[in-house]
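Note that the structure is a prediction, hence the values are computed from the model and not measured.
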Amino acid sequence: MIAYIIRRLLLLPIILIGVTFLIFCMFSLLSPMERLATYVNDPSTLKNPQAAERIIEKYHLNDPFPLGYIQWVKRIAKFDLGWSQAANQPVWDAICQRFPATLELVIYSIVPVILVGIWLGVISAVHHNDIIDQSIRVTAIVGWSLPTFIFGLLVLFVFYGILGWLPPGRLSTWAQDIVYTGTNFHSYTHLVTIDALLNGNIPIFVDALRHLCAPIITLSYVYWAFLLRIARSSMLDTLRKDYIRTARAKGVDEHTVIHKHAERNALIPVVTIAGMLIIGMLGGVVVAETVFTYPGLGFWAATAAQQLDYGSVIGFALLFALIMVVGNLVVDVSYAFIDPRVRLE
């Protein structure tokens, strides 16, 4: 088990070097002025040749490709990712400020996505081709076929436009005044719902939860629809295995066959997909956050892309790449806990 984890850890720096190299290659395709703009907080500086030259020398923008890559990696290691025009602050500060909002959304979305997706997939496989299976499959196909922004707009139209229940954004105006400018509210984790509970402020907790519900519903339905199909397919394949037929022939009750023998072995591909879904969410659920004007990483990245803010886009790409690499490592290690055979490979 330890050797398996060590092998995966040894691959981590190699993968990170490859990812940063590819991102730097794309960064190098930008024009000199576009690359320069990623480190300038005042656009008028670009009109001053002396000031522009000093910035070029400071960030080694004229260095040959290998030296430029080394200097760029050194700056990344110091969390110097440039300036975000969209956020009007350093890119790293923008990431730190917005990551808790995305993390909070992901935490609340993971439970319905994983639990409901796997649960419905197992039920659909167990009731193969009967009315329950057909109903679940139709629901999943509709959910996966709908683009996220279409379903999000439908949720926004019904639950906010008609019913007025689930508003967009992260907090109401009165709640923002208390959380961000009030002296009686302390931000311990920067996750508003958790901080509200720690402060004993139930109205803030309820308000934050109301704003989270609409994007959670959107993400949950779209993502679990896909996870359900994977879980169902894997479960059906497992139920056809010889050891399942043998267990049933020996008189093992169906509940034990399903949940002890079949379900655990069917989880390997499901864990892969579930891990990738969570990684994608953490990288910033761009569409959902944009539809509901939720101030997380995804909304910031979409705004930066619209404004051609290359520094923010590159910073977001680096963060997403890091989350993807580390997330894949966690998924690989989780295999060893789900299937002991993986430890011997």
Problem - Residues that, via side-chain heavy atoms closer than 4.5 angstrom, fall in one hydrophobic cluster with L29 - result: none

Practice task
State, with a plain yes or no, whether a side-chain heavy atom of L227 is found less than 4.5 Å away from one of V116.
Solution key: no

Handout entry: Step-by-step side chain to side chain donor-acceptor pair (under 3.5 Å) determination, T193 to Y108
Key = CA-CA 10 Å; T193 53; Y108 282 98; 2.8 Å; yes

Exercise for the section: Please name all residues satisfying ring-ring contact (aromatic ring centres under 6.0 Å, His included) with W83, sequence neighbours left out, ordered by chain then number. Expected result: none

Exercise for the section: With rounding to the nearest 0.5 Å, note down the distance linking CD in Q89 to CD in Q97. Expected result: 4.5 Å

Exercise for the section: Verify, without hydrogens or angle tests, whether T256 (side chain) and V252 (backbone) share a donor-acceptor contact under 3.5 angstrom. Expected result: no

Exercise for the section: Check whether any side-chain heavy atom of L219 sits under 4.5 Å from a side-chain heavy atom of L105, and report yes or no. Expected result: yes

Practice task
Kindly say whether E289 contributes a backbone atom to a donor-acceptor pair with the side chain of T293 at under 3.5 angstrom?
Solution key: no

Fill in the blank from the handout: Interatomic distance, CG@N88 vs CG@D93, rounded to 0.5 Å, equals 11.5 Å

Exercise for the section: Please check if atom CG in N184 has more than 12 non-hydrogen atoms from other residues, nucleotides or ligands closer than 6.0 Å. Expected result: no

Exercise for the section: Flag yes if V192 and V106 sit in one hydrophobic cluster, no otherwise; membership is Ile, Leu, Val, Met, Phe, Trp, Tyr, and two members link when side-chain heavy atoms are under 4.5 Å apart. Expected result: no

Problem - Cluster check I17, V326: I/L/V/M/F/W/Y, side chain < 4.5 angstrom - result: yes

Handout entry: Side-chain heavy-atom pair S124, I132 within 4.5 angstrom cut-off
Key = no

Practice task
Under the side-chain contact (heavy atoms from CB on, under 4.5 Å) rule, collect the residues that match up with D237, sequence neighbours excluded.
Solution key: K241

Problem - Minimum heavy-atom distance I217-V155, with the two atoms named - result: CG2-CG2, 4.3 Å

Exercise for the section: Would you confirm whether N201, through its side chain, and A196, through its main-chain N or O, come within 3.5 Å as a donor-acceptor pair? Expected result: no

Exercise for the section: Check for a donor-acceptor pair, side chain of S135 on one end and backbone N or O of I131 on the other, with a separation under 3.5 Å. Expected result: yes

Completion exercise
So CD1 of I204 and CG of L171: to nearest 0.5 Å the spacing works out to 6.5 Å

Exercise for the section: Hey, could you give me the CD/CG distance between Q71 and L61, rounded to the nearest 0.5 Å? Expected result: 10.5 Å

Practice task
For the residue pair Q85 and S312, confirm or rule out a side-chain donor-acceptor distance under 3.5 Å.
Solution key: no

Handout entry: salt bridge (Lys or Arg N to Asp or Glu O under 4.0 Å) partners of R248, counting only residues at least two apart
Key = E254

Practice task
Could you tell me which residues satisfy ring-ring contact (aromatic ring centres under 6.0 Å, His included) with Y69, sequence neighbours excluded, listed by chain and number?
Solution key: F21, F24

Exercise for the section: Drop me the distance from L318's CG to I76's CD1, to the nearest 0.5 angstrom. Expected result: 4.5 Å

Practice task
Taking all non-hydrogen atoms of both residues into account, name the closest pair between D207 and S172 and its distance.
Solution key: OD1-OG, 2.6 Å

Handout entry: Contact list for residues 62-88, test salt bridge (Lys or Arg N to Asp or Glu O under 4.0 Å), sequence neighbours left out
Key = none

Problem - Taking every non-hydrogen atom, the tightest pair across S220 and V113 - result: CA-CG2, 3.6 Å

Problem - Pairs flagged by salt bridge (Lys or Arg N to Asp or Glu O under 4.0 Å) wherever residues 180-190 is involved - sequence neighbours left out - result: none

Handout entry: Residues I56, Y39; criterion side-chain contact (heavy atoms from CB on, under 4.5 Å); working and verdict
Key = CA-CA 9 Å; I56 289 174; Y39 299 102; over 6 Å; no

Handout entry: Min side-chain heavy-atom separation P64-L67 under 4.5 Å
Key = yes

Fill in the blank from the handout: Closest heavy-atom pair, V286 versus A302, reported as atoms and distance to 0.1 Å, is CG1-CB, 3.8 Å

Handout entry: Any side-chain donor near an acceptor of the partner, S84 and W300, under 3.5 Å
Key = yes

Completion exercise
Contacts satisfying salt bridge (Lys or Arg N to Asp or Glu O under 4.0 Å) that involve residues 119-141 (not counting sequence neighbours) are D133-R137, D133-R232

Exercise for the section: Report yes if the side chains of Y243 and T238 come closer than 4.5 Å at any heavy-atom pair, otherwise no. Expected result: yes

Exercise for the section: Indicate yes or no: at least one non-hydrogen side-chain atom of D195 is less than 4.5 angstrom from one of V179. Expected result: no

Exercise for the section: Would you check if the side chain of Y294 reaches a backbone N or O of A101 as a donor-acceptor pair within less than 3.5 Å? Expected result: yes

Exercise for the section: Not counting sequence neighbours, list each pair that qualifies as a salt bridge (Lys or Arg N to Asp or Glu O under 4.0 Å) and has a residue in residues 97-115. Expected result: E104-R170

Practice task
Report yes or no: do I123 and V111 belong to one cluster of Ile/Leu/Val/Met/Phe/Trp/Tyr joined by side chain heavy-atom distances under 4.5 Å?
Solution key: no

Exercise for the section: Look up atom CG in L166 and atom CD1 in I216, then write down how far apart they are to the nearest 0.5 Å. Expected result: 10.0 Å

Practice task
For residues I95 and L81, determine if any side-chain heavy atom of one lies less than 4.5 Å from a side-chain heavy atom of the other.
Solution key: yes

Exercise for the section: State which residues pass ring-ring contact (aromatic ring centres under 6.0 Å, His included) with Y160; sequence neighbours excluded, sorted by chain then number. Expected result: none

Exercise for the section: If a pair satisfies ring-ring contact (aromatic ring centres under 6.0 Å, His included) and one of its residues is in residues 161-204, list it, with sequence neighbours excluded. Expected result: none

Problem - Flag, side chain of S233 to backbone of R229, donor-acceptor distance under 3.5 Å - result: no

Problem - Shared hydrophobic cluster, I230 / V122 (ILVMFWY, side-chain heavy atoms < 4.5 Å) - result: yes

Exercise for the section: Return the minimal non-hydrogen interatomic distance between L36 and A52, and the atom names on each side. Expected result: CD2-CB, 3.7 Å

Handout entry: Results of ring-ring contact (aromatic ring centres under 6.0 Å, His included) for Y221 - residues two or more places apart only
Key = F151, W224

Exercise for the section: Quick one: closest heavy-atom pair of P168 and H211, and the distance? Expected result: O-CD2, 2.8 Å

